[in-house]
Amino acid sequence: NILFEKGGIFGGFGYDVGCRPPHNAIWACDELGTTGSFTGKPIDMGGTDYDREGIAGLGVAVAARTLLERRKVPVQGASFAVQGAGAMGAAVIRYFSEYGGTLKSLADPRYGGTWVLDRPAGAALIKALSAQDETAKKLLEQEGRLLAPDSQEVLYQDVDVLFPCAVEDVLTAENAGRVKARFVVEGANNPTRDEAHKILFDKGIINVPDIIANPGGIISAFVELTSAITVEENLKTRKKVQQAKDMTIDRVTSNVHELLDIIETYGLQSDRAGDFIAHRNIFLGIPS
């Protein structure tokens, strides 16, 4: 058998781009014949429901909050832009708005391209975007203006924090010089190419790489597969969900502080500092 719980090598499966919680979890658990080897399940199946809870996006929002606080930039009123309004981007919008951020620009093909908000988004719009609700497009049309029919222009908006939350390789040698944000916090996997990291570094823009900002999904998967909290207790108290959120907040906060310590001490690019932390943790273990 391929599953670790039955003597195999695969510990667990989970969601990726295009999946629809909870349908994929229900289907996968039925096919695998177990609920112990698929993560992101609904809480009534013993899961953390991390996609719909937006726990990975919570971590990215925490990374941005920690970065701003460390650099003495007020989080309250901090402007931000998000590329990609799927599960990750929607959660970033939700949680960073809750921390006090002000959404200034958003891009997603489902909404027709790049939008700009000249005034703070209303609560109904933030709620609709966070829930990926079908009313979001109509509310965007009422409160914002369509800047461009593509999703690239959002990358060049003058904001405090840019969150690339869509796909990889969106910041390249060709366009990184156009970035105006003070900080970039990665929600997507590998959205910044190596040469773009160098350009952002030379411009004085701190970029928190995905391996530092975005471990929320794997943390939630770890909690889901190892927590002793029962399905019944989780249904009553949502303790497993909260456990995953608390661990994500603690780990990401620690990650960002360590990243900044290394950057400030040694003058390293943030991607190289992040690689060092990751390689050290893999080969030497996480410092206690």
Side-chain angles (χ1 to χ4, degrees), residues 14-28 39-45 47-62 64 80-99 101-117 120-155 157 161-168 170 185-189 191 210 213-214 216-217 220-221 238 241 244-245 248:
Y15 288 105
D16 207 335
V17 177
C19 291
R20 296 179 58 218
H23 307 291
N24 293 88
I26 295 170
W27 168 80
T39 64
K41 300 183 298 293
I43 58 174
D44 61 359
M45 294 176 69
T48 57
D49 215 0
Y50 61 69
D51 230 18
R52 293 197 298 184
E53 288 286 339
I55 298 177
L58 166 65
V60 175
V62 167
F80 70 102
V82 179
Q83 184 192 50
M88 172 59 74
V92 168
I93 290 170
R94 169 188 171 184
Y95 289 112
F96 199 64
S97 295
E98 289 179 1
Y99 289 148
T102 299
L103 180 64
K104 184 173 180 179
S105 185
L106 165 74
D108 193 286
R110 291 180 302 169
Y111 299 137
T114 296
W115 291 82
V116 171
L117 297 160
L125 175 56
I126 294 296
K127 182 177 180 180
L129 291 169
S130 302
Q132 301 182 69
D133 188 86
E134 60 183 13
T135 61
K137 177 69 179 299
K138 182 177 180 181
L139 290 169
L140 267 175
E141 292 171 347
Q142 293 173 358
E143 299 188 34
R145 54 187 172 86
L146 185 62
L147 181 65
D150 61 64
S151 298
Q152 286 294 105
E153 288 299 317
V154 71
L155 300 173
Q157 298 307 299
V161 187
L162 169 64
F163 294 99
C165 295
V167 295
E168 65 181 3
V170 296
V185 181
E186 298 180 358
N189 294 328
D210 62 319
N214 183 12
S220 299
R238 300 178 66 82
V241 175
K245 288 184 176 181
T248 296

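Everything quoted here is computed from the prediction, not taken from an experiment. Along the sequence shown, residues are numbered consecutively beginning with 1. Below, each value reflects all heavy atoms present in this structure, side chains not excepted, and no hydrogens, waters or symmetry copies.
Closest approach of L106 to A85, counting heavy atoms only: CD1-CB, 3.8 Å. Residues V116 and S105 come closest through the heavy atom pair CG2-OG, 4.2 Å. Taking each heavy atom of G57 and V92 in turn, the nearest pair found is O-CG2, 3.8 Å. When all heavy atoms are compared, the tightest approach of K41 to M45 is CE-O, 3.2 Å. Residues I55 and S220 share a closest heavy-atom pair of CG2-OG, 3.1 Å. Taking both residues in full, the closest heavy atoms of M88 and G187 are given as CE-O, 3.5 Å, listed atom of the first, atom of the second, then distance.
Here L58 contributes atom CG and Y99 contributes atom OH; the two are 5.0 Å apart, rounded to the nearest 0.5 Å. Rounding to the nearest 0.5 angstrom, the gap separating the CZ atom in F163 from the CG atom in L103 is 10.0 Å. Atom-to-atom distance recorded for K104:NZ and F80:CZ is 12.5 Å, nearest 0.5 angstrom. To the nearest 0.5 Å, atom CG of residue L140 and atom CG of residue L146 are 9.5 Å apart. Put simply, CD on Q142 and CG on L125 are 9.0 Å apart, with the number rounded to the nearest 0.5 Å. The distance from atom CG of L147 to atom CG of L117, rounded to the nearest 0.5 Å, is 11.0 Å.
Between Y111 and L129 there is a side-chain heavy-atom pair separated by less than 4.5 Å. Contact annotation: the side chain of I93 approaches that of I126 to within less than 4.5 Å [non-hydrogen atoms, C-beta and beyond].
A donor-acceptor contact shorter than 3.5 Å links the side chain of T114 to the backbone of D150. The backbone N or O of D210 sits less than 3.5 Å from a side-chain atom of E186, completing a donor-acceptor pair. The main-chain N or O of S151 is found under 3.5 Å from a side-chain atom of Q83 such that the two form a donor-acceptor pair.
Pairs passing the side-chain hydrogen bond (donor to acceptor under 3.5 Å, both in side chains) check and including a residue from residues 48-62, sequence neighbours excluded, read T39-Y50, T48-E224, D49-R52, E53-R238, E53-K245. Pairs engaging residues 128-141 under the side-chain hydrogen bond (donor to acceptor under 3.5 Å, both in side chains) rule: R110-Q132, D133-T135 [sequence neighbours left out].
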